[in-house]
2 protein chains.
Amino acid sequence: MATSSPGERVSLKHVAARAGVSVKTVSNVVNGYQHVTAETRARVQQAIDELHYRPNLAARNLRRGRSNVIALALPELDLPYFAELARSVIKAAEEVGWTVLIDQTDGLVEREQLVLDGIRGRLIDGLIFSPITLGAADLERRRDTTPLVLLGERVYDGPADHVSIDNLAAAQVATGHLVELGRRRIAAIGDQPRPTSQTAHLRLRGHLQALARAGLPAPPELVCPVERYHRADGAAAMHRLLDLPEPPDAVFCFNDLLALGALRALHERGVRVPDDVAVVGWDDVEDGRYSTPTLTTISPDKQQIASLAVEFLATQLESMQLESKQLESEQLESEGRGVPREVTADFGLAVRESTVGARAG
Amino acid sequence: MATSSPGERVSLKHVAARAGVSVKTVSNVVNGYQHVTAETRARVQQAIDELHYRPNLAARNLRRGRSNVIALALPELDLPYFAELARSVIKAAEEVGWTVLIDQTDGLVEREQLVLDGIRGRLIDGLIFSPITLGAADLERRRDTTPLVLLGERVYDGPADHVSIDNLAAAQVATGHLVELGRRRIAAIGDQPRPTSQTAHLRLRGHLQALARAGLPAPPELVCPVERYHRADGAAAMHRLLDLPEPPDAVFCFNDLLALGALRALHERGVRVPDDVAVVGWDDVEDGRYSTPTLTTISPDKQQIASLAVEFLATQLESMQLESKQLESEQLESEGRGVPREVTADFGLAVRESTVGARAG
DNA sequence: GTGAAAGCGCTAACAG
DNA sequence: CTGTTAGCGCTTTCAC
């Protein structure tokens, strides 16, 4: 008796037998192949339903040489920016029929290296990677050939497609906004000792340029380095700034978590925001829209970033498939997948209470 | 010339040829099988390195009948609670050698149904699912046999393993805390019209019980229904409460986002927290530790929840494997995988400024 | 429009 | 300790 067994090992063969057709025909139906008689299709479909047949993806992947699964590697899922980014990436990937698995690196060098070296083997078709520690050099010595798209500002001019926003310009906008508000002692929180951190470097440079353009001084004690970009670091840095003989009247924080932490510190010290100190963040995470006060921030277009990343991966996969079709072509030594693409997504400045405050904090 | 081609199609066969051994031996080395001469192992390893061999996971999965990939299905990754939960699940899964792919349902019935019906085919070994809309009935008619563990309070006594915290007890603790603080008009935000929402139901019940125990009235206008559990809903509900002729002096919000929204509303209306109104949340998300004021909240042990879920899945997989070994056993009609397990993880109450405030908000 | 057969890369018996 | 062989379930030429 052919009741559905517990393991439910129903394969094409069983369906074919039940429908009285060949496996090929069942396969055709399953894959929506056009040239099948309506009558045959119906019979096959019925057999599929009766047997609760589900195609074995492993077998299909093996045969097709593709899995339609990609990996998204990022530091931590519970950093709001990455959570929001992940959401967008998963959505964008879904639209082209891909499933996304997540690799959390915790921003650790070893783990980022593992991801780069293709820890996933041939399980994934592509990798979208937002590194923290990696530099262009690490990418150069990568051996894994899985299509790769880099996210964020950590690596420029590396040998891979790259999506980011114009950090220099955005930083200028952020600090420029504070200047226009009439602030004179504008601090920055988020500098990083690590030389590979393009993020900190670029944002700081934009900040200083905006200051210079306004003819404002940039005393070194107003540039606060931090270990990580978490709330606690922002709070600690803000406390340090407030301990200065001449505290700042504005702060540009290199991400929203730092800013949220700074807001917290300011509140603890009884400093009014924005009256005494104005605060600008970066990322436009949900929290900043409901914080007290709400946070003025650089707002990168995350959905656009996600779509671009997925699009890049898709074209890489396409060109890979082409390559393997024209196998013995002469220009085998064309060195890699062509020139890596560098694209910047849009950004805006979301002006909220932390700089133009309605009610004082 | 055997340079590594762009497609890098290196299989066991190639490695075997280069090392002058059989595929079996290479396979043994790759899988860390013990009984291989050190000398042979070294030669094979060298061939692997030279060829940059990476095992084809699709083939391995097909053969083994397991992928070591599981799916985590949840509403939205950018809801902080789920982001934190996801982080923990991925960590716990990693420890047993599993990779996690994410399915976002957006809390939509259709999507949750798809997940339940095994949209992933045989790609995944198991599913950890945190549903919003699904009830026990939906689970009963599930045909897919992929091992499943349910998270959260939505479904009790369903036909699947289930991990949650004791909602009734926790809700009593939350409201009890407000009672002890001497509050007399304690509101609740987060009731849900949806009948399937056990979450709302249980938390409300616990709340009312605590009130009753304290001999306090429970006027219906102090129980606020909301559409979703987002900040905006919390803010709107709080505004409604403040518009009451007799506003509350405390609020128990059924999650932290609602509470954060409520905090925001209170600030906009110039109401002091906790002096005028005390606020308790639920989830203990990171934001609440840095909000102004910081948020008192029910703190579920997320790591424990994650480990338990992974553990349940692991034992389900084990018993499945056993089943298929003793194929023609007589008790084939033993109906499913035994009695579903129901486990509650630990929780605590994190007392912060929103109820015992240092400086007033 | 449909069928027969080969084979993707790997692992698991079973020999030797 | 290592080699040979079969086959996981699917797609894909190629015939018919």
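A note on names: the letters A, B, ... follow the listed sequences, proteins ahead of strands, and every chain is numbered from 1.
Think of the region where chain B sits on DNA chain D: with heavy atoms and a 4.0 Å cut, that region ends 5' and 3' at dC1(D) to dG9(D).
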Could you list the donor-acceptor pairs under 3.5 angstrom formed between side-chain atoms of residues 23-30 of chain A and any protein atom two or more places apart in sequence or on another chain?
residue, atom, partner, partner atom, Å
K24(A), NZ, N28(A), OD1, 2.8
T25(A), OG1, S22(A), OG, 3.4
S27(A), OG, N31(A), ND2, 3.3

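Residues passing the salt bridge (Lys or Arg N to Asp or Glu O under 4.0 Å) test with R41(A): none are found, sequence neighbours excluded. Taking the side-chain contact (heavy atoms from CB on, under 4.5 Å) definition, one finds that E39(A) meets it with T37(A), R43(A), sequence neighbours left out.
Heavy atoms from other residues, nucleotides or ligands lying under 6.0 Å from CD of Q303(B) number 12 at most.
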* Structure fact -> For nucleotides 9-16 of chain C, 5' to 3', base contacts (B), sugar-phosphate-only contacts (S) and non-contacts (-) with protein non-hydrogen atoms under 4.0 Å give BBBBB---
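At a threshold of 4.0 Å, the pair E94(A)-R111(B) counts as salt-bridged, since one of the basic side-chain nitrogens sits closer than that to a carboxylate oxygen. Of the charged side-chain nitrogens involved, at least one lies within less than 4.0 Å of a carboxylate oxygen, so that D106(B) and R87(A) count as a salt-bridged pair.
Evaluation of the salt bridge (Lys or Arg N to Asp or Glu O under 4.0 Å) test over residues 61-70 of chain B, restricted to residues two or more places apart or in two chains, returns R66(B)-D125(B).
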